Asks: 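Here it is, the structure in full.
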Amino acid sequence: MEYNFEEIEKKWQQYWREHNTYKVEINNAKPKYYVLDMFPYPSGAGLHVGHPLGYIASDIFARYKRLKGFNVLHPMGYDAYGLPAEQYAIQTGTHPAVTTEKNINRYREQMDKIGFSYDWNREVRTSNPEYYKWTQWTFIQLFKSYYDNTLKKAAPIDGLVRKFEESGTEGLDAACGKPLTFSASEWKAMNEKEQQEILMNYRLAYLADTMVNWCPELGTVLANDEVQEGLSVRGGFPVVRKSMRQWSLRITAYAERLLEGLETIEWSDSIKDVQRNWIGKSMGASMFFKIDGSDREMEIFTTRADTLFGVTFMVLAPEHEMALEIASAEQRKAVEEYVTWAKNRSERERMSEVKKVSGVFTGAYAVNPFNGTKIPIWISDYVLMGYGTGAIMAVPAHDSRDFAFARHFSLPIIQVVAKQGEAPSDTSSWAESFDAKDGVMVNSDFLTGLSVKEAIERMIAEIEKRGIGKGKTNYRLRDAIFSRQRYWGEPFPIYYKDDMPYPLDESLLPLKLPNIDQYKPTETGEPPLARAKNWVTVDGNPLETNTMPGFAGSSGYYLRYMDPHNDNAYFSKEANGYWQQVDLYIGGAEHATGHLIYSRFWNKFLYDIGLACKDEPFKKLVNQGMIQGRTSFVYRSRNDKNLFVSKNIEGRSADTDPIRVDINMVHNDILDVDEFKQWRDDFKDARFVFEKDKDGNDVYVCGWEVEKMSKSKYNVQNPDDLVVKYGADTLRLYEMFLGPLEQSKPWDTQGIEGSFRFLKKFWKMYFDKNGDFAVSDEKATKEELKVLHTLIKKEEEDIERISFNTVVSAFMICVNDLTTMRCNKREILEPLVIMISPYAPHIAEELWHLFGHEDSVVSQQFPKFNADFIGDSSFVYPVSFNGKRRFDMELPLDMSTADIEKAVKEAPETKKWVGELNIKKIIIVPKKIINVVVG
RNA sequence: GCCGAAGUGGCGGAAUAGGUAGACGCGUCGGUCUCAAAAACCGAUGAGGUAAUGCUCGUGCCGGUUCGAUUCCGGCCUUCGGUACCA
């Protein structure tokens, strides 16, 4: 019987569907394992071969864990809210739900063909009301909570209200927008609106005027991780900074815990580093400088308190509230002009001109509290309002940005740190500042002679002693802006009364997304939801017209899978107690500063309010690499637009330009010239300069390059085509065989033949010459058992460390060996079916049933490894002399070191090679090598 | 600039704890079968040298540790990814 993958795969996919083979329930008798893929946004383009890579890996792992006796939760769903469907809606009027539904169906169809073992009963879609009910519910909980820095966790805002009533802000340490101080009686004297405004300063979901990334083209604000190099990640449109009243999540309250949590999870060092940098913890001091001739003070933040005697000027950010206030009369106009100019620059302009120094003197001076020096205060946009206090003390000798500024405006530069063992030098001859934190203090009064590290500590202590500041930790992490001026997202469960936001009663959830007739913002610039009719509560209070961002729905979806149909709770205590957290999470590294941080925050909050039983959502994370395209090129003559020169023609590169061609017209780097001529109109008169292949035929050879897989580069490989041609099992095997999961690698369709051949060979082992299923019940030989158990060991070890490519190799070796031995014994071939089932589930299921079994291979046990079968009684050691000359020596494995030494000394080869030289020592590495050192 | 990852045949890659570098696959070359082709199977395949070999060189470059280094250490180079006036 031929290996008819088409028939086999159809048959078993249907069987699995009909038998609900992958449905999973809580089973306290079994240990659980939770394997999760990052759910996809269903785009219109469908899947290319890069997308299923991670899904195949997680599927293999899930299937393997099932065979190992685990109760495996392996769900899938869709991140269904997103910009492309909305933009399509604006252009065509098609409701985003319709587009999304269509795309989801296409995704599902493609995924089903690959034979995944998802429990589709647990599917979630972020745009379903049954799902987003809980997104909205979580938002309300965030709104009703604040972060208690003393307890280091979230707490109910009601408790804060009681605290204010009793003692005001006295002794309060809570995360907030800006520090406030008031007494209990002051609190009680406030009206409702004033109190609400105060509380807003503490809520974990809060409304505030914030500088946001505004994208005029998209008509919406964007979070920091949705902006790259001043352009929107989606669409690539310019982004400007703008102050707007927006919802934010106080993720900064969790900065320290997000940092600490990284120590407890099994993620790669590189992704942990990305998150550490994004959180950007820096320890230093905040301190106040008096302003000369005024009773005002300016607060600055510095990590280099040690350099205080090297301060020669101060800088305020242009947006700093003091910027205009302190300007002297004669400088006032210049300051105003500068501030206006700085405000109107787009984010991109600002970035592209990073190296250009600009700024203006305010005319005011600050006083150095340690030596009384008057220090000019400047304004410059190299100081950012969003970090620290928006004001700095500038030490040009030891900070490269301050240095550039000082040089540009001819400000003095004072050295206060010198390299170990070097005398201070004349700063006017310096080409750059000395930023390093290793050195000795000079010119610094009581700090002189100390190391930088010591000086920082000493200075902070001194600052605190004098009451002019204190040690402080700053984080680069910003609060997450949570509103979007879009239609296709979760509505906020918020209404307004007296202009203040209030949460809807939880019984009113979900607050469903209303239908509207147009999807673009209103003429007055309000969000699309402002077009909705009756977008008010029953009392007529207006509802929030913003919607939530993409990351809202994806921040807690992994929890919902545990109990997806629960209408009374996000998930039950029982379900969460059983499934706990994701054991293995597979997905792209591009979410490092977005989804993977928001989810951790979301989860920590749910943990704080007693809902989630684990503090971290994803125990182990694996980032699959990108599959890049292998683009093919033809070379067009510059002089003759219709002439194409084959790659290896001499002198070709001098006067041709490479042009991308569709990889489907290129086989083995040989161009199908007829297809090429028909491909595009401007190529229909193409002529070619061919080269000769080995048989002397004229061929056109294409060049190639590795690039990102994309439609516009004509290098997209569609998985469906491969499934049709080779079957899903071959595709699965080949995607894994391509290389290490975490590594980016180019797609090469040619190599898939190897995996296909392997499966055909594998299949053949089970059939005789006549094509009948034929396995013998004869006892397996020692050799055959050795081959089998070597594979069991390899597969177990390598799967656990997510090294699937080497397992596939091991399968190939195993099948080659068994084929050579003409092994057709049940004792070997039956376990093999179980072992290959995670990788090639269809063929495994077919063979399993041919063995006469009624049940699915899915419910089997992974074969037990037995070391006795591979443990030889002897081992062949290479014996080398000074690492050079060598001979092989077969010795029993249980031989003692002393006996091995003796045997080596007495070997005739040793006598021959060593001659009259002395043996200095003999190094024995068990099962590896014996090294004889002579001299 | 800073942080991270990686550099091994014609190509993808292997070497899991410092121990015979190049497993496995693709491609290429040669062969078997066939009227022929496909499929399948067998053999060769890092470079150089040799009648032949357990010979010489060889894991980005330079140096170090070691009997022995793709692996560890120091210094460079290149590529990719992240991030960027973060004080």
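The structure presented is a predicted model; accordingly, all values stated were derived computationally and were not measured.
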Asks: Applying ring pair (Phe, Tyr, Trp, His ring centres under 6.0 Å), run through A/Phe313 and A/Phe405 and close with a yes or a no.
Replies: CA-CA 10 Å; A/Phe313 56 101; A/Phe405 194 84; 5.3 Å; yes

Asks: To the nearest Å, how far apart are A/Glu707 CD and B/U79 P?
Replies: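 A/Glu707 atom CD is separated from B/U79 atom P by 17 Å.
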
Asks: Could you state the atom-to-atom distance from CD1 of A/Ile460 to P of B/A87 in whole Å?
Replies: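 To the nearest whole Å, that distance equals 14 Å.
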
Asks: Report the relative orientation of the aromatic rings in A/Trp430 and A/Phe403; use parallel for angles under 30°, tilted for 30 to 60°, perpendicular for over 60°.
Replies: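 Correct class here is parallel.
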
Asks: Calculate the interatomic distance between A/Phe737 atom CZ and B/G27 atom P; express it in whole Å.
Replies: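 Atom-to-atom, A/Phe737 to B/G27, this comes out as 12 Å.
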
Asks: Where along residues 266-274 of chain A does a heavy atom fall under 4.0 Å from RNA chain B?
Replies: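 Contacting residues: A/Ser270, A/Asp273, A/Val274.
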
Asks: Calculate the interatomic distance between A/Ile597 atom CD1 and B/U83 atom P; express it in whole Å.
Replies: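 Answer to the nearest Å: 11 Å.
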
Asks: Could you please name the option among B/C26, B/C86, B/A87 that lies closest to any side-chain atom of A/Thr303?
Replies: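 Selected nucleotide (nearest to the side chain): B/A87.
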
Asks: Taking atom C1' in both B/A14 and B/A23, compute the distance separating them and give it to the nearest angstrom.
Replies: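 Approximately 5 Å lies between the C1' atom of B/A14 and that of B/A23.
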
Asks: With respect to the side chain of A/Ile813, which nucleotide from B/A23, B/G27, B/A14 is positioned closest?
Replies: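 Side chain of A/Ile813 sits closest to B/A23.
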
Asks: How is A/Val383 classified with respect to the nucleic acid when contacts are heavy atoms under 4.0 Å: base, sugar-phosphate, or nothing?
Replies: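 Counting heavy atoms under 4.0 Å across all strands, the contact made by A/Val383 includes a base.
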
Asks: Do A/Thr307 and A/Met459 come close enough that some side-chain heavy atom pair is under 4.5 Å?
Replies: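 No; the side chains remain at least 4.5 Å from each other.
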
Asks: What nucleic acid atoms does A/Leu384 come within less than 4.0 Å of, heavy atoms only: base, sugar-phosphate, or nothing?
Replies: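 Base: the residue A/Leu384, judged by heavy atoms under 4.0 Å, touches a nucleobase.
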
Asks: Verify whether one side chain among A/Tyr64 and A/Glu796 offers a donor that lies under 3.5 Å from an acceptor in the other.
Replies: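 Not at all, the side chains of A/Tyr64 and A/Glu796 share no donor-acceptor pair under 3.5 Å.
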
Asks: Answer yes if the side chains of A/Tyr387 and A/Ser282 hold a donor-acceptor pair under 3.5 Å, and no otherwise.
Replies: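 Yes.
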
Asks: Below 4.0 angstrom from OP1 or OP2 of B/A5, is there any side-chain N or O of A/Asn623?
Replies: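 No, no such contact exists.
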
Asks: What is the separation between atom CG on A/Asp748 and atom P on B/G27, rounded to the nearest whole Å?
Replies: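 It works out to 9 Å between those atoms.
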
Asks: Look at all strands and tell whether A/Glu590 reaches a base, only sugar-phosphate, or nothing, counting heavy atoms closer than 4.0 Å.
Replies: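 Nothing, no nucleic acid heavy atom in range.
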
Asks: Identify whether the distance between the nearest side-chain nitrogen and carboxylate oxygen of A/Glu266 and A/Arg801 falls below 4.0 Å.
Replies: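 Salt bridge flag = no for A/Arg801 with A/Glu266.
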
Asks: More 5' along RNA chain B: A/Gly754 or A/Asn474, using each one's nearest nucleotide?
Replies: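 Here A/Gly754 is the residue nearer the 5' end.
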
Asks: How are the rings of A/Phe758 and A/Phe811 set relative to one another: parallel (under 30°), tilted (30 to 60°) or perpendicular (over 60°)?
Replies: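 Ring orientation, 0 to 90° scale: tilted.
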
Asks: Check whether any side-chain nitrogen or oxygen of A/Arg757 sits under 4.0 Å from OP1 or OP2 of B/C26, and answer yes or no.
Replies: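 For B/C26, OP1/OP2 do have a side-chain N/O of A/Arg757 under 4.0 Å.
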
Asks: Mind checking whether A/Phe434 and A/His398 have parallel, tilted or perpendicular rings, split at 30° and 60°?
Replies: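 Perpendicular: the ring planes of A/Phe434 and A/His398 meet at over 60°.
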
Asks: Could you check whether any side-chain heavy atom of A/Pro369 comes within less than 4.5 Å of a side-chain heavy atom of A/Phe288, counting everything from C-beta outward?
Replies: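 In short, these two side chains do not touch, never coming nearer than 4.5 Å.
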
Asks: Would you measure the distance from the P atom in B/C29 across to the matching atom in B/A38 and give it in whole Å?
Replies: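 These two P atoms come out 13 Å apart once rounded.
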
Asks: Would you classify A/Arg801 as touching base, sugar-phosphate or nothing, given that sugar-phosphate means primed atoms plus P, OP1 and OP2, and contacts are heavy atoms under 4.0 Å?
Replies: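 Base: the residue A/Arg801, judged by heavy atoms under 4.0 Å, touches a nucleobase.
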
Asks: Under a 3.5 Å threshold, yes or no: a donor from one side chain and an acceptor from the other, between A/Thr631 and A/Glu707?
Replies: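 Present: a donor and an acceptor within the cut-off.
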
Asks: Starting at the 5' end of RNA chain B, which residue's closest nucleotide do you reach first, A/Tyr387 or A/Asn816?
Replies: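 Whichever sits nearer the 5' end wins; that is A/Asn816.
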
Asks: So for A/Arg401 and B/C86, does any side-chain atom that can act as donor or acceptor lie under 3.5 Å from a complementary atom in the base?
Replies: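 No such pair is found, so the answer is no.
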
Asks: Under a 4.0 Å N-O cut-off, is there an ion pair linking A/Arg276 with A/Asp273?
Replies: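 Answer for the salt bridge query: yes.
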
Asks: Dot-bracket for RNA chain B, please. Rules: Watson-Crick or G-U, both distances under 3.5 Å, ( ) within the strand, [ ] when a pair crosses earlier ones, | for another strand, . otherwise.
Replies: (((((((..(((......[....)))((((((.......))))))(((......)))..(((((..]....))))))))))))....

Asks: Taking only the side-chain nitrogens and oxygens of A/Gln743, find out if one of them lies under 4.0 Å from OP1 or OP2 of B/A5.
Replies: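 For A/Gln743, the contact criterion (side-chain N or O under 4.0 Å from OP1 or OP2 of B/A5) is not met.
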
Asks: Starting at CZ of A/Arg630 and ending at P of B/G10, how long is that distance when rounded to a whole Å?
Replies: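 Between P of B/G10 and CZ of A/Arg630: 16 Å.
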
Asks: In whole angstrom, what separates A/Phe767's CZ from B/A40's P?
Replies: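 Answer to the nearest Å: 17 Å.
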
Asks: For atom C1', what is the distance between B/G10 and B/G27, given to the nearest Å?
Replies: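 That atom pair is separated by 8 Å.
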
Asks: Can you figure out which of B/G12, B/C85, B/U83 approaches the side chain of A/Pro746 most closely?
Replies: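 Nearest to the side chain of A/Pro746 among the choices is B/G12.
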
Asks: Decide whether A/Asp479 and A/Thr252 meet the rule of one side-chain donor and one side-chain acceptor closer than 3.5 Å.
Replies: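 Judged by distance alone, the side chains do pair up.
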
Asks: Base, sugar-phosphate, or nothing for A/Ile392, non-hydrogen atoms under 4.0 angstrom?
Replies: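 A/Ile392: base contact, heavy atoms under 4.0 Å.
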
Asks: State the syn/anti category of B/G9 according to its glycosidic angle, syn meaning within 90° of 0.
Replies: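 Syn for B/G9; the angle stays within 90° of 0.
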
Asks: Any side-chain N or O of A/Asn277 under 4.0 Å from OP1/OP2 of B/A84?
Replies: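 For B/A84, neither OP1 nor OP2 has a side-chain N or O of A/Asn277 closer than 4.0 Å.
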
Asks: Using atom C1' in both nucleotides, what's the gap between B/U70 and B/A21 to the nearest angstrom?
Replies: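 Taking atom C1' in both B/U70 and B/A21, they lie 8 Å apart.
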
Asks: What's the closest nucleotide to the A/Ser282 side chain, out of B/A87, B/A23, B/A14?
Replies: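 Per side-chain heavy atoms of A/Ser282, the pick is B/A87.
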
Asks: Give me the distance, rounded to whole Å, that separates B/C11 from B/C61 when you measure between the P atoms they each carry.
Replies: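 One P to the other, the span is 16 Å.
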
Asks: When rounded to the nearest Å, what value does the distance between C1' atoms of B/G49 and B/U56 take?
Replies: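 After rounding to an integer number of Å, I get 8 Å for this pair.
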
Asks: Tell me the interatomic distance from A/Lys769, atom NZ, to B/C41, atom P, rounded to whole angstroms.
Replies: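 One finds 15 Å between P of B/C41 and NZ of A/Lys769, rounded.
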
Asks: Which whole number of Å gives the distance between the P atom of B/C62 and that of B/A69?
Replies: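 So the two P atoms sit 15 Å from each other.
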
Asks: On the nucleotide B/A40, are OP1 or OP2 found under 4.0 Å from the side-chain N or O atoms that A/Lys760 carries?
Replies: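 Yes, because at least one side-chain N or O of A/Lys760 sits under 4.0 Å from OP1 or OP2 of B/A40.
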
Asks: Counting any heavy atom closer than 4.0 Å, what does A/Ser380 reach on the DNA or RNA strands: base, sugar-phosphate only, or nothing?
Replies: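 The residue A/Ser380 makes no contact with any strand.
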
Asks: Considering every strand and a 4.0 Å limit on heavy-atom distances, what is the contact class for A/Asp381: base, sugar-phosphate, or nothing?
Replies: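 Base contact - A/Asp381 has a heavy atom under 4.0 Å of at least one base atom.
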
Asks: Just jot down the side chain to side chain donor-acceptor pair (under 3.5 Å) partners of A/Thr819, sequence neighbours excluded, or say none.
Replies: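 A/Thr819 satisfies side chain to side chain donor-acceptor pair (under 3.5 Å) with no other residue.
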
